[in-house]
2 protein chains.
Amino acid sequence: MKDMLMLQQKIIPEMLELLDKRYSILKNIYYNQPVGRRALSQELKLGERVVRTEVNFLKNQGLIEINSIGMMVTKEGENILERLEEMIHEINGLSNIEENLQRFLQIEKVMVIPGDLDKDSTVLKEMGRVAASYIKSIMRNDSVIALTGGTSVAQVVENFPRISRENVLVVPARGGIGREVETQASTLAAKLANKLGANHKLLHVPDNLSHEALETMMHEPGIMDTLKSISIADILIFGIGRADEMSRRRGLNDDDVKNLLSQGAVAEAFGYYFNRNGEIIFITPTMGLKFDDVKYIKNIIAIAGGKNKAEAIIATKTHNPHMVLVTDEGAAKEIIRIKENSVS
Amino acid sequence: MKDMLMLQQKIIPEMLELLDKRYSILKNIYYNQPVGRRALSQELKLGERVVRTEVNFLKNQGLIEINSIGMMVTKEGENILERLEEMIHEINGLSNIEENLQRFLQIEKVMVIPGDLDKDSTVLKEMGRVAASYIKSIMRNDSVIALTGGTSVAQVVENFPRISRENVLVVPARGGIGREVETQASTLAAKLANKLGANHKLLHVPDNLSHEALETMMHEPGIMDTLKSISIADILIFGIGRADEMSRRRGLNDDDVKNLLSQGAVAEAFGYYFNRNGEIIFITPTMGLKFDDVKYIKNIIAIAGGKNKAEAIIATKTHNPHMVLVTDEGAAKEIIRIKENSVS
DNA sequence: TTCATAGGGACAACATAAGTCCCACATATA
DNA sequence: TATATGTGGGACTTATGTTGTCCCTATGAA
């Protein structure tokens, strides 16, 4: 397959662009359906007329349906879309990159989604979908799923397929994170539980409490119960953030932020801040998952994409060899670049 | 691979035309090199400008070289060309057709070259090249190769790669055939022997001798020697002709021709005429390979292409299960058509 | 109703591809 | 040596296809 693609690249390279164009149009329709021609052309940053021509083509091929409410991807279109993704994957040499990253980060598996999250909003959704379908495959009866907040994890939940497992429990990995309710861990836990027909427990604790206040709250029965469930989680889903962004979003005061960054913090994940060497230099004062638990958890899935997250992804060392990373082409290639610069 | 081609055909069907165009241009350059732009455009029945555009592309891709003497295919171009052929093979579904024909004709192997001999003169060369490289693979030390005349076999000889085997002998399968020296069995035998650094023997016997004259000549020492070699040949290369064409070319008089055709002769091979059921109804009065030998010969390769040869190919039954047929897409598809019509 | 969105028609502006002819040069032939 | 025929490349006009733009009507939501 790879051989053949190289051959095609040599003899009909124009086709690659065309393939890419049609793929991204189809993908965008899929993730925004029903959608109109103008909205699409804005999203894709293509001329309206161009979109129209291609859309007409896709219609003739039976990949999309067009009616007055907008454009929708047909069953066949979905099928094609899925297979196209694999192909683009190969064309961009992402299989190689995945193996490369796996070795470099010393983790079990890396999945790279074609495209760049910063430039193409469907990439994030795609990452969510891929992560979700992976998690679905490892989910068992009686699984306990812990997850964090953030837009990446939110997309995983959003794109989770409905499946039936018995006695599944979903819990937030750690106490309240962020201000937007939509992407808070608690909200996501509830949403995912709802999709799975599973139970969920909450952990309503404000950020940045004093040590004493935390101690007191941890003895509340409801909270104790949730914490116990968290500690036996067999699946952890988390996003990776940049230390600078996350520290501000978590409501740390300016001095603390400055202090943190001056200590070299570059990454944040489930409340822990890492420096370039993957050392923990600060822990958000809240409760939930302990780092020692993270290390031995059976299934741990990180979702993070975008070129600017590359450094943070490298820095976040869970020391868990079973970790799986779902990222995008932008981040993946940047990681490789950083890796190669540091070697030379 | 097949799956992928179908996918591409769905999402970028324009690819096929472009691929086909570039392939045929590259192929034509290869078989006519060094060749000029104008000559090419005439051969391909494409506008001069179109050829120019594509040729420029091929040059930029490093597949051909252009200098004042004409265009030449580079090493890389040859490599690409070879792999392209496989791809076109798959695209046109020729692998299926090959298997289909193998079963229908009850022979060991069928190789179908993309294109139609009648429309594209390079197809014949291609058939020759493929047949030659197959024969090369089965040739051993001490092999005795018998071959007939005709343009198809001539192309096999023409495209034979130079290899070294010891003590190989090349002989014409039967006495003088046809009037054009270039494609006579004797000439081809000498040419092939020369390419292989092998020995050859000749069989200079006019066509259409009387029975008595034949008997006499067969006792000539030189001829006896050649005949003996023929009878122990382990490789037979032969073309298949239409009975109507061949009977005239062999110089039969009009009455005999009429007689032959009215008896239902449709095919001719190594001097034997077959009717639709594959029964021998006439034998050219000359000497050489006997039909009983043909049946048990170890390697027997037929080369014949073009839509109008389809019926002749079907009719030529050697009853040798080891037979290999090299043909073209035009003939192959026509054979399938005839086969399916006869069933219904 | 009113408004925003949808698809589709139409046409000018533009870009690209194609047809055509000419030129300088190389090679083979007389 | 002179000539005829091939070669690639330049340059131009013409044809074709692509793109940008605006307008129209229909449909669904507020």
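Below, read A as the first sequence line, B as the second, and so on, with proteins coming before strands; counting in each chain starts at 1. Since this is a predicted model, take the numbers as computed values, not measurements.
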Note to self: From C-beta outward on B:Arg49, which listed nucleotide comes closest to its side chain: D:dT7, D:dT19, D:dA11?
What the structure shows: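 Nucleotide nearest to B:Arg49's side chain: D:dA11.
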Send over the distance from [X] [atom1] to [N] [atom2], rounded to a whole Å.
X: B:Phe57; N: C:dA18; atom1: CZ; atom2: P; answer: 14 Å
X: A:Arg37; N: D:dA26; atom1: CZ; atom2: C1'; answer: 14 Å
X: B:Ile29; N: D:dG8; atom1: CD1; atom2: P; answer: 9 Å
X: A:Leu18; N: D:dT18; atom1: CG; atom2: P; answer: 11 Å
X: A:Glu54; N: C:dG7; atom1: CD; atom2: P; answer: 15 Å
X: A:Leu40; N: C:dT5; atom1: CG; atom2: P; answer: 14 Å
X: B:Glu48; N: C:dA17; atom1: CD; atom2: C1'; answer: 14 Å
X: A:Arg38; N: D:dT25; atom1: CZ; atom2: P; answer: 15 Å

Check: What about B:Arg52: does its side chain form a donor-acceptor pair under 3.5 Å with the base of D:dG10?
Finding: yes
Check: Near DNA chain D, under 4.0 Å by heavy atom, which residues of residues 58-77 of chain B?
Finding: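 Per residue number, the list reads B:Lys59, B:Ile66, B:Asn67, B:Ser68, B:Ile69, B:Gly70, B:Met71.
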Could [X] and [Y] be called an ion pair, given the rule that one side-chain N must be under 4.0 Å from one carboxylate O?
X: A:Glu54; Y: A:Lys21; value: yes
X: A:Glu78; Y: A:Arg129; value: no
X: A:Glu86; Y: A:Arg83; value: no

Check: Are any side-chain N or O atoms of B:Gln33 and backbone N or O atoms of B:Val73, one a donor and one an acceptor, separated by less than 3.5 Å?
Finding: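 Judged by distance alone, yes, a pair lies under 3.5 Å.
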Next item on the list: With side chain to side chain contact (heavy atoms under 4.5 Å, CB included) as the test, would you mind laying out the steps for A:Asp120 and A:Leu44 before giving the verdict?
Entry: CA-CA 8 Å; A:Asp120 181 352; A:Leu44 290 161; over 6 Å; no
Margin query: Checking side-chain polar atoms at under 3.5 Å, does A:Asn32 have a donor or acceptor matched by the opposite partner on A:Glu43?
Written below: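 No, no side-chain donor-acceptor pair sits under 3.5 Å.
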Next item on the list: Could you tell me, to 10°, how much the axis swings from one end of the helix from C:dT1-D:dA30 to C:dA30-D:dT1 to the other, five pairs per end?
Entry: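 The end axes of the helix from C:dT1-D:dA30 to C:dA30-D:dT1 are about 20° apart, to the nearest 10°.
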